[in-house]
Amino acid sequence: RKEFVDLYMNYVFNESIRKPFEDFMQGFLRGCPARKWKMFLPVELQTVLQGCTKFDWHLLEKNVNYIQYGKLDQTIRNFWTVFHKLPEEKKKLFLAFLSGSDRIPGYGQENFTFHIEDPQEANPDEVCIKANTCSLILFLPR
């Protein structure tokens with residue numbers, strides 16, 4: 001029985017997935033050559049692949065560029081007041097809405113910037129907040 005269980009476990013976890021895994025690894029290594037990854041320590045590689053998971057939300061606020069807004073405009077002050085009162089999970093959801101990811105890229109939060117822009121709509125109360133994830137622009141109506 002032990003031999004059967006051992007052989008079965010080996011089949012399920014090794015043999016049955018060998019070909020798909022080899023195909024995956026071949027494709028992955030074509031785009032991401034393994035010799036380039038050796039320059040990273042494991043914790044650095046994890047940050048590069050997964051992004052930063054610890055956030056300084058005040059630094060995020062500091063790194064924002066404003067378009068057709070000033071830092072002291074009432075809309076901006078209201079936005080940051082509400083933002084800082086949000087629970088951590090809601091802040092991460094905002095980050096995902098803005099950038100497409102709930103993490104900051106591995107190059108570090110001090111280098112992560114985004115823009116808040118006034119879409120200059122005639123009826124701002126009828127316009128929803130929207131984001132351009134490619135350009136990291138939050139369109140925030142007044």
Side-chain angles (χ1 to χ4, degrees), residues 1-69 71-121 123-142:
R1 281 187 260 175
K2 181 177 180 349
E3 182 183 2
F4 173 79
V5 170
D6 290 343
L7 289 171
Y8 184 74
M9 296 294 284
N10 183 51
Y11 173 77
V12 169
F13 290 113
N14 296 315
E15 298 303 321
S16 69
I17 62 165
R18 186 172 313 282
K19 176 72 171 114
F21 181 76
E22 285 172 357
D23 293 343
F24 166 78
M25 186 161 41
Q26 181 183 4
F28 181 81
L29 292 176
R30 190 176 324 144
C32 304
R35 66 184 179 280
K36 304 247 188 218
W37 297 109
K38 290 181 180 178
M39 68 184 196
F40 294 108
L41 295 170
V43 71
E44 293 170 331
L45 183 59
Q46 182 177 7
T47 301
V48 167
L49 295 175
Q50 292 182 336
C52 299
T53 56
K54 295 181 181 172
F55 306 99
D56 178 352
W57 300 111
H58 292 285
L59 181 59
L60 183 73
E61 177 183 0
K62 182 181 159 202
N63 288 344
V64 174
N65 297 314
Y66 299 101
I67 302 171
Q68 291 133 6
Y69 271 122
K71 188 175 186 174
L72 299 175
D73 284 354
Q74 189 63 44
T75 303
I76 298 300
R77 289 193 329 233
N78 290 345
F79 172 80
W80 287 114
T81 299
V82 170
F83 179 83
H84 288 301
K85 289 180 182 178
L86 293 174
E88 190 75 9
E89 283 306 310
K90 295 281 186 177
K91 290 176 183 175
K92 288 180 184 178
L93 287 174
F94 167 76
L95 194 57
F97 173 74
L98 174 68
S99 67
S101 173
D102 65 348
R103 297 176 183 206
I104 290 180
Y107 54 77
Q109 190 168 358
E110 58 278 349
N111 298 314
F112 181 78
T113 61
F114 71 96
H115 309 279
I116 296 180
E117 182 173 340
D118 180 358
Q120 297 185 329
E121 296 288 336
N123 296 318
D125 290 335
E126 297 175 6
V127 179
C128 293
I129 295 173
K130 58 186 175 183
N132 180 326
T133 57
C134 295
S135 301
L136 296 175
I137 301 173
L138 177 70
F139 295 98
L140 182 66
R142 292 188 181 269

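One-based numbering along the sequence shown. From a predicted model like this one, the values you see are computed outputs, not experimental measurements.
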**OP:** Indicate yes or no: at least one non-hydrogen side-chain atom of L60 is less than 4.5 angstrom from one of F55.
**Re:** no

Original post:
So, for H115 and I67, which heavy atoms are closest and what is the spacing to 0.1 Å?
Top reply: CB-CD1, 4.0 Å

Original post:
So, do K90 and F94 sit near enough that their side-chain heavy atoms are less than 4.5 Å apart?
Top reply: no

**OP:** Mind checking the OG1-CD spacing from T81 to Q74? Nearest 0.5 Å is all I need.
**Re:** 8.0 Å

**OP:** First locate atom CG of L136, then atom CZ of F112, and finally report the distance between them rounded to the nearest 0.5 Å.
**Re:** 5.0 Å

**OP:** List in chain and number order the residues that pass salt bridge (Lys or Arg N to Asp or Glu O under 4.0 Å) with D125, two or more places apart in sequence or in another chain; answer none if no residue qualifies.
**Re:** none

**OP:** To the nearest 0.5 Å, tell me how far Y11 OH sits from I17 CD1.
**Re:** 11.0 Å

Original post:
If you take all heavy atoms of P141 and C128, which pair is closest and at what distance?
Top reply: CG-O, 4.3 Å

Subject >> Results of side-chain hydrogen bond (donor to acceptor under 3.5 Å, both in side chains) for E126 - residues two or more places apart only >> reply: none

**OP:** Could you pull out all residues at least two apart from E22 that satisfy salt bridge (Lys or Arg N to Asp or Glu O under 4.0 Å)?
**Re:** none

Subject >> Y66 side, atom OH; L138 side, atom CG - distance, nearest 0.5 Å >> reply: 10.5 Å

Subject >> Pairwise distance CG(L93) to CG(L98) - rounded to 0.5 angstrom >> reply: 12.5 Å

**OP:** Please check if the side chain of N10 supplies one atom and the backbone of E15 the other of a donor-acceptor pair under 3.5 Å.
**Re:** no

Original post:
Knowing that exactly one of N132, I129, D118 qualifies, which makes a side-chain contact (heavy atoms from CB on, under 4.5 Å) with F139?
Top reply: N132

Original post:
Does the side chain of D73 come within less than 4.5 Å of R142's, by heavy atoms?
Top reply: yes

**OP:** Measure centre to centre between the rings of Y69 and F79, then say whether the value is under 6.0 Å.
**Re:** no

Subject >> Interatomic spacing from NE2 in H58 to CH2 in W80 - rounded to 0.5 Å >> reply: 10.0 Å

Subject >> Closest approach of L72 to R77 (non-hydrogen atoms, all atoms of both residues) >> reply: O-NH1, 3.0 Å

Subject >> G100 versus T133, closest heavy-atom pair with distance >> reply: N-CG2, 3.9 Å

Subject >> Smallest separation among heavy atoms of K91 and H84, with atom names >> reply: NZ-O, 3.5 Å

